Structures are given as C-alpha cells and as structure tokens.
Number of protein chains: 2
Amino acid sequence: MNDPLLDLPGYALRRAAGAMMAEFSRRLEPLGLRYADVSALLLIGANPTLTASQLGRMLDIQRANMVPLLGRLTDAGLITRRPLDGKSHGLHLTAAGEAKLAEARRVIEQFESWLIAKIPAAHRDHLKPALDALWRD
Amino acid sequence: MNDPLLDLPGYALRRAAGAMMAEFSRRLEPLGLRYADVSALLLIGANPTLTASQLGRMLDIQRANMVPLLGRLTDAGLITRRPLDGKSHGLHLTAAGEAKLAEARRVIEQFESWLIAKIPAAHRDHLKPALDALWRD
DNA sequence: TATTGTTATACTCTATAACTATA
DNA sequence: TATAGTTATAGAGTATAACAATA
C-alpha cells in the first residue's frame, strides 16, 4: 500500500499530537479530568487571581468556551471565583483543587517522561525547540 | 504571568499541531477542501481501487466516519465508487478529482515548505523522525 | 464468523454573534 | 469605548452500537 502522507512533516505532526493527546487523556481518566481541565488547574495554581478571560487567552480558548470548562471545575469543587471588582472574578484553587492538581502533576510528569523516552536519543533535545518555533513565533 | 505549560513538550506538541492545522485549513479553503479530504484524495490517487475501509484504517478514521467524508467528495464530483465484489467498492478519482488533487498538491508543497522554514536550521532535520517515533512505533 | 458499508446517535472541541454590566 | 462574563448556537471531529448483505 502506497502512503504519500508518510513523507509529510505536517501530517506527522497531526498524527503525533493525536496519538499523544489520546494517551494523555487515557491517563487522566482515573482523575476525572480532561487535558483542558489540567492546563487550567496548572495556570490557576501558578497564578492566583487569574481571571477567566486571561486564562482563555493563555490557553487560546475563546471566552465563551471557558464557561463550561470553569463550570465543570467549579461543580467538581476544585476552584472558586471571587469578585475582583464589579465585572472580573479571580480564580482560585480550593483545597480539593490543590490535591487534585498534585495528582495531576504526577500524571503529567510520568506522561512527559514516557513521551520523551519514545524519541530516539539523537533527536530528543530538538523536539521542544522545533515545536516552539511552530506556535510561539 | 507564570506559565508552567511552556515547559511541557506534550503541550507544545498540541499547540504546534493546532497552529499548523489551522494554517493548513486556511490555505485549503479556496479549494473547498478540508484536510481530511486532501489526505483521502492523496491516498486514493496513489492507490486505485482502495476501499473505504482500507482508507479509514490508513487515516485512522472510523468506518462510520468515512461515510460523510466520501459522500462529500462524491457530491463534489471528485471520486467515484465502483463495486469490486458484492460488498466492497473501489474508490477512484474522477478527472475533476485529479485536477483538484493537483491543486491540493501545490498547496501542500508550499505549506510544508513554509512549516519547515519556520524551524531553526539546527533542529529542522530532527522534527520528522522525532514525530514519527511518537505515532508510528 | 469476520468484514463492508451504512444509519443513528452522542460527545467533545471550537467558532461566532449577541447581550448585560462594568471599567 | 473596550472589556468581562455569559447565553445560545452551529460546525467540525470523533466514538460506539447496531444492522443487512456478503466474504
């Protein structure tokens, strides 16, 4: 079977990302979290009083789509919202949120190690800078 | 603003893939194609008499989800289906499909060159093998 | 028995427009 | 005027179960 897609870096990028995110989601399932939830928890934990809009900009998620995400985390008792002024609300981890984030950090650490280990040593240190050039520049 | 996500290769992979697929989709828009359409056209063009199930396995798309995709390509007059036996159908490009694929190939070529050019030269040759290790092994 | 093509369905993710209230 | 938070909605992508017909 002839597969011309296998020569294309762009296609490899999409398939690799899909495979890795599927694996990451599988590892997060026991925690009852999706990967968007984890990235939000990480940023809220690292930046107390972050607002929903700021968080959305950092994650490149539309304001409107933050609503169900933050609602989910709030319903799960992982975050609270405290008014900063009349229109903004600061996001904060609850004790349960801190605990869940600690669990998530362990999953992340193991997942990232596993991901890196899959890459042949000769190419390993080049992946992160190459990827960063594709989305941060 | 503190962003611990920026240290994670897995996060960079997801964001890079998202950014690149968004750009690729933008470039395909004038052709009236999505990237799944293009990958299907490429594989059908390279493998006459490929069946829908075989194509789905190569693209890692469920059989059921091939139906709307191939229906779209058929409605656009880009492919035809000819019975191979009582239950399988071989997929073939029409003349319009060949022409559209030729256009798509030019878009792909320019896009892939642009993508590669974004990567610092020192890391450039390492990206494809690193990505392949993540989804093909 | 396994596979092909298909229908139906549901869930996730993403994008846009519009509204209210506040800065 | 611009921004924050929200609602509603629609489009994609993806996953599962089930079915009839055929290998």
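Since we're looking at a predicted model, the values are computed, not measured. Proteins get letters first, then strands, A, B, ... in listed order; numbering begins at 1 in each.
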B:Arg63 side-chain N/O to B:Ser53 backbone N/O, donor-acceptor pair under 3.5 Å: no

Could you tell me the separation between the CZ atom of B:Arg63 and the P atom of D:dT14, rounded to a whole number of Å? 17 Å

Validation row: A:Asn47, A:Leu55 side chains within 4.5 angstrom (heavy atoms): no

What is the distance, to the nearest angstrom, from the CG atom on B:Leu70 to the P atom on C:dT6? 8 Å

So, for B:Asn2 and A:Met58, which heavy atoms are closest and what is the spacing to 0.1 Å? O-CE, 3.9 Å

Do you know the tightest heavy-atom contact between B:Leu127 and A:Ala130? CD1-CB, 4.1 Å

Contact residues, residues 7-41 of chain B to DNA chain C [heavy atom, < 4.0 Å]: none

Sub-3.5 Å donor-acceptor pair from the side chain of A:Thr94 to the main-chain atoms of A:Leu78, do we have one? yes

A:Gln54 side, atom CD; A:Leu91 side, atom CG - distance, nearest 0.5 Å: 9.0 Å

Measure the distance from CG on A:Leu69 to P on C:dT14 and round it to the nearest whole Å. 10 Å

How long is the line joining CE of A:Met66 and P of D:dT3, in whole Å? 18 Å

Evaluate the ring planes of B:Trp135 and A:Tyr11, with Trp represented by its six-membered ring, and classify them as parallel (under 30°), tilted (30 to 60°) or perpendicular (over 60°). perpendicular

Just wondering, are more than 12 heavy atoms of other shown residues or ligands nearer than 6.0 Å to CD in A:Glu109? no

When rounded to the nearest 0.5 Å, the distance separating CD1 of A:Ile44 from CD1 of A:Ile79 is 4.5 Å

Donor-acceptor contact present, side-chain B:Glu112 to main-chain A:Gly10, <3.5 Å: yes

Can you tell me how far the CG atom of B:Leu69 sits from the CG atom of B:Asp37, to the nearest 0.5 Å? 5.0 Å

Measure the distance from CG on B:Asn65 to C1' on C:dT4 and round it to the nearest whole Å. 15 Å

Hey, is the side chain of B:Gln62 poking within less than 4.0 Å of OP1 or OP2 on D:dA15, counting only N and O atoms? yes

Please list residues of residues 73-89 of chain B whose heavy atoms come under 4.0 Å from any atom in DNA chain C, ordered by number; otherwise none. B:Arg81, B:Lys87, B:Ser88, B:His89

Scan residues 42-59 of chain A against DNA chain D and write down, sorted by residue number, each residue with any heavy atom closer than 4.0 Å; if none is found, say none. A:Thr51, A:Ala52, A:Ser53, A:Arg57

Closest-nucleotide mapping onto DNA chain D: is A:Pro68 or B:Pro68 further toward the 5' terminus? I mean the 5' end. A:Pro68

